[in-house]
Amino acid sequence: MSALLVEQPGLLSLLQDRGRFGRAALGLTTGGPMDPIAADLANGLVGNNGAATLIEVSFGGLELRADGPAQLALTGAELPVHINDRAAPCWTVLELADGDRLRLGFSETGCRSYLAVSGGFAIAAQFGSTATVLRERIGGLRGGRLEPGDRLPLGKQAPVERRWLPPRFRTRYHHRTTVRVIPGYQQQHFSRTEQRRFFGNSYRISDRSDRMGYRLEGPAIHCALEGILSEGIAPGAIQIPADGQPIVLLNDRQTIGGYPKIGSALSLDCAALAQLRPGDTVNFTPISEHAAHNALHLARAFERSRRFEPAPA
Amino acid sequence: MPDYPRLQVAGEAALIVYLARDSSPELTGRLQALADRLHERLGSCLEDLVPSYASVLVLFDALETDHFHVARCVRECLAELPPGDLPARRLVEIPVYYAPESGADLETLGERSGLDWRHVAQIHASRDYQVYAIGFAPGFAYLGNVDERIAAPRLSTPRTRVPRGAVAIADRQTAVYPAESPGGWNLIGRSPLRMFDPGARDPMPVAVGDRVRFVAIDRREFEALGGAL
């Protein structure tokens, strides 16, 4: 069976599939790709279904060696790619021959890149998913990040033609984004002034942001409630702790928590938020749950319109 | 219109149902009964359910259904719940070796209220607890309520390492650490029972809505059951 061998894992490289659902009763969170839109495109390029296991590369630095032939594609934040000493493109099906070395540099705009291989990585699932959640020590290999010497076996699949996602369909990443928020949870316990402050100001991404949550720095928001009985945390929930600095809770969030929440970010925008780097800027805008519903269906229609095409020689 | 039950939007694909303002053992039984019914009613539209203290978070697939439909299902399920108290589903016994050598804060905790450590242990094991919520970490069950005489606030400086199986108290809650982790609760003993075993068919011995009884064992029994200090 072909495999990829990890020579350098880079800053943070994790095996992920769509995530672990239906296990909150055990206290298990979802995990999964922080930017599922880019992850789906990587799997799609190499002919996998969306549930295949791929690698989420945060910031870059991953180096792999092929043990047997492999087809792969990189999407998400663009970073320099080399196969042996030859530069290679993102958003395009790439071929590795036995012994080839794949080296990823570091992204400068956006910070999550997705590396999918044809057939997916053949990794045993835990609780129905291969998603790695470091805090829980569950998923991936040993519940941990990729390490030098790890061997990642590839699933079997017929090769795809050399194709790409044409530039007009590619997601562009920026250093600033606007996140749509569905107000909810304890929203009524934030005064109008506090809500106006939250929706009217920019926040900076803290360098303490991670896969659990994006911590923000900016004007402090105050809630009339100090704490609440611990309750379930939806993906994208925006928690306001005592210091007033919002935290957008993402894939590796704890399943329950006792801080008030002003609402929850739209999943489409969580994907864009998760591509922001420390020091980047985010704004929030409120939308109704009906507008959110429409936005999700429109996004699905757009995803279906993205077509792969034969790559230019 | 009564304040409870109350439904609240919690996201593009999430509704939270508050059954009451405060938690209580009786309420936990109702939460679990509601969760069971929602599981059946929503079927494949359901992504997850998170019962906790006085609420259930319902996570659904927003491309398959919407808030309106899910809210209607929740209201129907609520209407089907039998009135009055619902009994706990199971009583689970958890063996605990209580001693200063297995519970580093046992003596300090006793001194706070002028109790001998043996008396603290006896009080802890003398009542049944309700499983209010599971979270913080896989398998971490929040149990309550602890007798006021042995309730104690979290440590001002959390420990960087609490061993697996540590039995601990924070305010009026008690728990068994499912894995080695950092922690700020007061340690009063050790259980040989694994609260979370990812390899097992049944990874957790308890679920929200169950009741728990702690049973004191001595060091020899602790070791015979697989415990190690």
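In what follows, every chain begins at residue 1, and chains take the letters A, B, ... in the order their sequences are listed. What you see below is based on every heavy atom in this structure, not just the backbone, and it leaves out hydrogens, waters and symmetry mates.
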### Task
Please check if the side chain of B:Ser55 supplies one atom and the backbone of A:Glu231 the other of a donor-acceptor pair under 3.5 Å.
no
## Note on the structure
Separation between CG (A:Leu26) and CZ (B:Phe140), nearest 0.5 Å, reads 15.0 Å
### Message
Please report the interatomic distance CG(B:Leu57) to OG1(A:Thr255), rounded to the nearest 0.5 Å.
### Response
10.0 Å
#### Entry: Side chain / backbone / both / neither for A:Phe21 at chain B, heavy atoms under 4.5 Å
both
### Query
Side chain, backbone, both or neither: which part of B:Tyr142 has a heavy atom under 4.5 Å from chain A?
side chain
### Task
Verify the neighbour count for atom CZ of A:Phe302: are there more than 12 heavy atoms of other residues, nucleotides or ligands below 6.0 Å?
yes
### Query
Based on non-hydrogen pairs under 4.5 Å, which of A:Ser230, A:Ala292, A:Gly184, A:Ala234 is most in contact with chain B?
A:Ser230
### Task
Could you grab the distance from atom CZ of B:Phe196 to atom CD of A:Glu136, nearest 0.5 Å is fine?
7.5 Å
### Query
Could you state the interatomic distance from CG (A:Leu229) to OH (B:Tyr132), rounded to the nearest 0.5 Å?
10.0 Å
### Query
Where on A:Ile287 is there a heavy atom nearer than 4.5 Å to chain B: the side chain, the backbone, both, or neither?
neither
### Query
Does atom OH of A:Tyr203 have more than 12 heavy-atom neighbours from other groups under 6.0 Å away?
yes
### Task
Among A:Gly236, A:Pro235, A:Gly22, single out the residue with the greatest number of heavy-atom pairs under 4.5 Å to chain B.
A:Gly22
### Message
For chain A, which candidate among B:Leu15, B:Leu63, B:Val58, B:Val56 shows the most heavy-atom pairs at distances under 4.5 Å?
### Response
B:Leu63
#### Entry: Which atoms of B:Ile134 approach chain A - backbone, side chain, both or neither, heavy atom under 4.5 Å
both
### Message
I need the A:Gln187 CD to B:Gln8 CD distance, nearest 0.5 Å.
### Response
7.5 Å
### Message
Among B:Pro198, B:Gly199, B:Ala133, B:Gly139, which residue has the highest count of heavy-atom pairs closer than 4.5 Å to chain A?
### Response
B:Pro198
### Query
Do any N or O atoms from the side chain of B:Asp48 and from the backbone of A:Ala24 form a donor-acceptor pair under 3.5 angstrom?
yes
### Message
Is a donor from one side chain sitting under 3.5 angstrom from an acceptor on the other, for A:Ser264 and B:Glu12?
### Response
no
#### Entry: Part of A:His293 lying under 4.5 Å from any heavy atom of chain B
side chain
### Partner chain B: residue of A:Gln188, A:Arg180, A:Lys261 with the largest heavy-atom pair count (under 4.5 Å)
A:Gln188
### Message
Quick check for you: among B:Gly135, B:Pro51, B:Pro138, B:Ala62, which has the greatest number of heavy-atom pairs under 4.5 Å with chain A?
### Response
B:Pro138
### Message
Under the criterion side chain to side chain contact (heavy atoms under 4.5 Å, CB included), I'd like the reasoning laid out for B:Phe136 against A:Ile256: C-alpha separation, chi angles, the key distance, then a yes or no.
### Response
CA-CA 7 Å; B:Phe136 168 62; A:Ile256 60 174; 6.0 Å; no
### Summary
Of all heavy-atom pairs linking B:Glu180 and A:Arg137, the shortest is O-NH2, 2.8 Å
